[in-house]
S.K.: 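The structure under discussion is supplied below as structure tokens; questions concerning it will follow.
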Protein chains: 2
Amino acid sequence: MNDDLTARARIRDAAIKLFTERGIEGASIRDIATEAGVSSGLVRHHFGSKEALRAACDEYALGRMFELGRELVDEQGLENVNVATVQPVAFPLQTYLVRSMMDGSETASAMFLQTVSYGEEWARTHGVVTDDYRAWSAVIAVMKLGVYVLREQLELALGEDIASPAGYARMNRAFVDIFSQPLLTPEQAANLRKDNS
Amino acid sequence: MNDDLTARARIRDAAIKLFTERGIEGASIRDIATEAGVSSGLVRHHFGSKEALRAACDEYALGRMFELGRELVDEQGLENVNVATVQPVAFPLQTYLVRSMMDGSETASAMFLQTVSYGEEWARTHGVVTDDYRAWSAVIAVMKLGVYVLREQLELALGEDIASPAGYARMNRAFVDIFSQPLLTPEQAANLRKDNS
DNA sequence: CTCTTGACTACACGAGCGTGTAGTAGTTTG
DNA sequence: CAAACTACTACACGCTCGTGTAGTCAAGAG
């Protein structure tokens, strides 16, 4: 598959795939080369080093995510893009970025911080009740990303691929259910806040 | 520190620490031995192989988590142990188990599935509104574990160690805020459910 | 005192890693 | 036509890894 892509693009795609599955350290240049159907020397020829290959993957994934996000806003309007919605197309790229972030990518970390700042602003302007918007947004962000990091376990629990239409719909309905009803009564919340002050 | 522990226990603790920080593949037996202040041969003498060392760490962490959980129930009563509460003492062990699960531990995966089943039962008996309790519980579970996997990024966003009293309190208050108020209006929820059916 | 046992170390092994180097084939450029 | 450049491969390097082996040293048993 993807025989129509240039070798450089095939290497990049193979790297994103294996980096995601095995982590940065766990995926060797030789494995990536084999996956892309080229020699390991060619990987070095095109990208220079493993770290540079990773950086190129980061940049590509970030750029694509940005493009996809803009397309979504263009199609649906800014106000209809919701906290609960995740684009299925963006799944592999998002998963890669989270994995890369876990393995120390500053590019991915910067994107994460920007997401947190954006969520903070969203919370302020959409009537979220909290006295620590920053913490609220940061916790929401890591919780949402948890789906990507632990995708394998989620699929194990659901018995279904969450990239499939059925699995994706199940996951999104669960998101909607979780975010549309409070899990704690006001009394429980007040008690827990007292315990933690 | 921990000079009073037996060498075997020091190796186990060092392994849990480095496995957590660098992943299973990323932490070498030599590094673990150095961290524990022993020779690399002794690691092999006590545990046989790296995989067996990992299994021993899994078992120990699981046992300790179980003990800590039972202590919490004994102290506070079953009904007061809440979805939103996380024990600060259990932090390092929980983080290790999530990391081990990500790196393919079946012991940790089994614990995860049990947590999902337990959460499913909790949702059924506590008036959670959903037509897919399994998915609801699974998504809640991966979201909560996201905090552990992405702890580093969370601390980056908060500018604070979440194991510190202050950081821990911030995080827990955010949890309470998130779980005590709906983020979506009933109309928004209904629209999103329609889109995903 | 001798023997055994268990904690512990030193060292060597083959394999896989990222990287470096040399070279080939085909296209482009002057 | 010749020179230069680009895509690409083959192969060797030093390093680190998990593992295997041999041996030391102290404590307890007979």
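It should be emphasised that the depicted structure is a prediction, and the values quoted were computed from it without experimental measurement. Chain A is the first sequence line, chain B the second, and so forth, proteins listed ahead of strands; every chain is numbered from 1.
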S.K.: For Ser117(A), enumerate each residue passing the side chain to side chain donor-acceptor pair (under 3.5 Å) test, keeping only those at least two apart in sequence or located in another chain.
M.R.: Arg134(A)
S.K.: In this structure, how many angstroms lie between the C1' atom of dT9(D) and the CD1 atom of Ile11(A), rounded?
M.R.: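 Between C1' of dT9(D) and CD1 of Ile11(A): 12 Å.
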S.K.: Which pairs, with at least one residue in residues 154-163 of chain A and sequence neighbours excluded, count as a side-chain hydrogen bond (donor to acceptor under 3.5 Å, both in side chains)?
M.R.: Arg151(A)-Glu155(A), Arg151(A)-Asp161(A), Glu160(A)-Arg170(A)
S.K.: Listed by chain and number, what are the side chain to side chain donor-acceptor pair (under 3.5 Å) partners of Ser40(B), not counting sequence neighbours?
M.R.: none
S.K.: Is there a donor-acceptor pair closer than 3.5 Å between any side-chain N or O of Ser137(A) and the backbone N or O of Val116(A)?
M.R.: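 Flag set: sc Ser137(A) to bb Val116(A) pair under 3.5 Å.
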S.K.: Under the side chain to side chain donor-acceptor pair (under 3.5 Å) rule, collect the residues that match up with Thr107(B), sequence neighbours excluded.
M.R.: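 Side chain to side chain donor-acceptor pair (under 3.5 Å) check on Thr107(B) returns nothing, list empty.
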S.K.: Given the rule in the side-chain hydrogen bond (donor to acceptor under 3.5 Å, both in side chains) test, do Gln188(B) and Ser180(A) qualify, once you have shown the distances and angles that lead to the verdict?
M.R.: CA-CA 9 Å; Gln188(B) 288 175 318; Ser180(A) 62; over 6 Å; no
S.K.: Report each atom pair, protein N/O against N/O of nucleotides 22-28 of chain C, whose distance is under 3.5 angstrom.
M.R.:
none

S.K.: For Tyr148(A) and Phe91(A), I'd like to know if the aromatic rings sit close, meaning centre-to-centre distance below 6.0 Å.
M.R.: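 Yes, the ring of Tyr148(A) comes within the 6.0 Å limit of the ring of Phe91(A), centre to centre.
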S.K.: Using a 4.0 Å heavy-atom cut-off, write out nucleotides 10-18 of chain C from 5' to 3' as B (base contacted by protein), S (sugar-phosphate only) or - (no contact).
M.R.: --B----BB
S.K.: Which pairs, protein N/O on one side and nucleotides 23-27 of chain D N/O on the other, fall under 3.5 Å?
M.R.:
none

S.K.: Looking at five pairs on each end of the helix from dC1(C)-dG30(D) to dG30(C)-dC1(D), what is the angle between the two axes, given to 10 degrees?
M.R.: 10°
S.K.: Check Arg54(A) with Asp103(A), please: is the shortest side-chain N to carboxylate O separation under 4.0 Å?
M.R.: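 Answer for the salt bridge query: no.
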S.K.: Over how many whole Å does the gap from Leu18(B) atom CG to dC17(D) atom P extend?
M.R.: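 Those two atoms, CG and P, are 12 Å apart.
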S.K.: Flag the pair Arg64(B) and Glu67(B) as a salt bridge only when some basic side-chain nitrogen lies within less than 4.0 angstrom of an acidic carboxylate oxygen.
M.R.: yes
S.K.: With sequence neighbours left out, what residues match Glu75(B) under salt bridge (charged side-chain N to carboxylate O under 4.0 Å, His left out)?
M.R.: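 Applying salt bridge (charged side-chain N to carboxylate O under 4.0 Å, His left out) to Glu75(B) gives none.
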S.K.: Could you tell me which residues satisfy side chain to side chain contact (heavy atoms under 4.5 Å, CB included) with Leu18(B), sequence neighbours excluded, listed by chain and number?
M.R.: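 For Leu18(B) the side chain to side chain contact (heavy atoms under 4.5 Å, CB included) partners, ignoring immediate neighbours, are Glu21(B), Arg22(B), Ala27(B), Asp31(B), Ile32(B), Glu35(B).
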S.K.: Residues in salt bridge (charged side-chain N to carboxylate O under 4.0 Å, His left out) with Arg8(A), at least two apart?
M.R.: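 Testing Arg8(A) for salt bridge (charged side-chain N to carboxylate O under 4.0 Å, His left out), a comparison that skips the adjacent residues, returns none.
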S.K.: Look at His45(B) and dA7(C) and indicate whether a side-chain polar atom (N or O) is within less than 4.0 Å of OP1 or OP2.
M.R.: yes
S.K.: Can you tell me the distance, in whole Å, between the CZ atom of Phe47(B) and the P atom of dA7(C)?
M.R.: 11 Å
S.K.: Holding to side chain to side chain donor-acceptor pair (under 3.5 Å), I want the full list of residues that pass it with Glu25(B), two or more places apart in sequence or in another chain.
M.R.: none
S.K.: Expressed in angstrom and rounded to an integer, what is the separation of Arg44(A) atom CZ from dA12(D) atom P?
M.R.: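 The distance from CZ of Arg44(A) to P of dA12(D) comes to 17 Å, rounded to the nearest Å.
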S.K.: Does a side-chain N or O of His46(A) approach OP1 or OP2 of dC8(D) to a distance below 4.0 Å, or not?
M.R.: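 For dC8(D), OP1 or OP2 has a side-chain N or O of His46(A) closer than 4.0 Å.
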